[in-house]
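Written below as structure tokens is the structure these notes are about.
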Protein chains: 2
Amino acid sequence: MANHLDSFFAAVSDPTRRAVIERLTQGPAPVSELHAPHDIALPTFLKHLKVLEASGLVRSEKKGRVRTVHIEAAPLAEAESWLNRQRRIWEARLDRLGALAEEIERNTTDDQ
Amino acid sequence: MANHLDSFFAAVSDPTRRAVIERLTQGPAPVSELHAPHDIALPTFLKHLKVLEASGLVRSEKKGRVRTVHIEAAPLAEAESWLNRQRRIWEARLDRLGALAEEIERNTTDDQ
DNA sequence: ATATTACCTAGCCATATGGCTAACCATCTT
DNA sequence: AAGATGGTTAGCCATATGGCTAGGTAATAT
């Protein structure tokens, strides 16, 4: 039952990891470059990368001594789709409520 | 710097809490009804509700002894927007890459 | 007046998370 | 061959998270 969404949303709930994602939308980058702007120790940063990779949001290959990381679009789209679905259901319900309110309004007016 | 997105994504990274959200898109509900389908103790469930409420995804009012919970749309839209933005940037980059590839293709063909 | 219902608080427990340092490869550079 | 660079592993620590039980309180139903 453990959903993709679990690990995706968890991955993206951390500001450091979101920053990495934002950087990676601009194109792939080696670990050291991704690490540079963040004021935390490298091993700590590597943990974040592992979380991202485990969630499927990111992949990486090592060539020589440098590991290059790139973003993976599918999980992003999946999460977006879930949010979109929820919002649409919610809005549809609001519409029905609106229609109901109008109807009540009409009836009430008729009755008077 | 602590972003709204932090607590939102964290809130939504748990399957129990996502289920609650899904239920609430259908309309408001009292705590006991929200709790019913989940096989966990009430106090545990209440913690989940607190997380949701702290993230701004949900609000509730108590009347008599029953507390009614309803969903709040704004944070949902905000998160969706972040995801959407990332995906669009990423896709735009792919398009540029595609154009570049085409151009290279053209030049290579011309040169031969 | 009592019992039931609906929720809340407190407190315990195990595991997960995000941070660190220290030490260790492995690959380039010089 | 030595040194510097880029990444990795191991292990420690504090706090957060998700679960539980036990024991409230306040409102309604009998």
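Just so it is clear, the model here is predicted, and its values are computed rather than measured.
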> Does V12(A) offer a backbone N or O that forms a donor-acceptor pair with the side chain of R18(A) under 3.5 Å?
Replying inline: yes
> So F9(A) and W82(A), would you call those rings parallel, tilted or perpendicular, with 30° and 60° as cut-offs?
Replying inline: perpendicular
> Can you list the residues that meet the side chain to side chain donor-acceptor pair (under 3.5 Å) rule with E78(A), with sequence neighbours excluded?
Replying inline: none
> Roughly, in whole Å, what's the span from CZ in F9(A) to C1' in dT17(D)?
Replying inline: 19 Å
>> Give the residues of residues 43-60 of chain A touching DNA chain C, defined as any heavy atom closer than 4.0 Å, sorted by residue number.
In response: P43(A), T44(A), K47(A), H48(A)
>> Can you tell me how far apart CG (D14(A)) and CG (N3(B)) are? Round to the nearest 0.5 Å.
In response: 11.5 Å
>> Can you list, in residue-number order, the parts of residues 21-42 of chain A that come under 4.0 Å of DNA chain C, counting heavy atoms only?
In response: I40(A), A41(A)
>> I need the CZ-C1' distance between R67(B) and dA27(D), as an integer number of Å.
In response: 14 Å
>> Using whole Å, what does the distance between atom C1' of nucleotide dG6(D) and atom CD of E61(A) come to?
In response: 16 Å
> If you look at every heavy atom in S60(A) and R67(A), which pair is closest and at what distance?
Replying inline: OG-NH1, 2.9 Å
> Which distance, rounded to the nearest 0.5 Å, do you find between the CG of L94(B) and the CZ of R87(B)?
Replying inline: 11.5 Å
> Looking at CZ of R23(B) and CD1 of I71(B), how far apart are the two atoms once the value is rounded to the nearest 0.5 Å?
Replying inline: 10.5 Å
> Got a sec: does the CZ of R93(B) have more than 12 other heavy atoms crowding it under 6.0 Å?
Replying inline: yes
> Mapping G64(A) and K62(B) to their closest nucleotides on DNA chain C, which lands nearer the 5' end?
Replying inline: K62(B)
>> Measure CZ/R65(B) against C1'/dT5(C) and give the value in whole Å, please.
In response: 4 Å
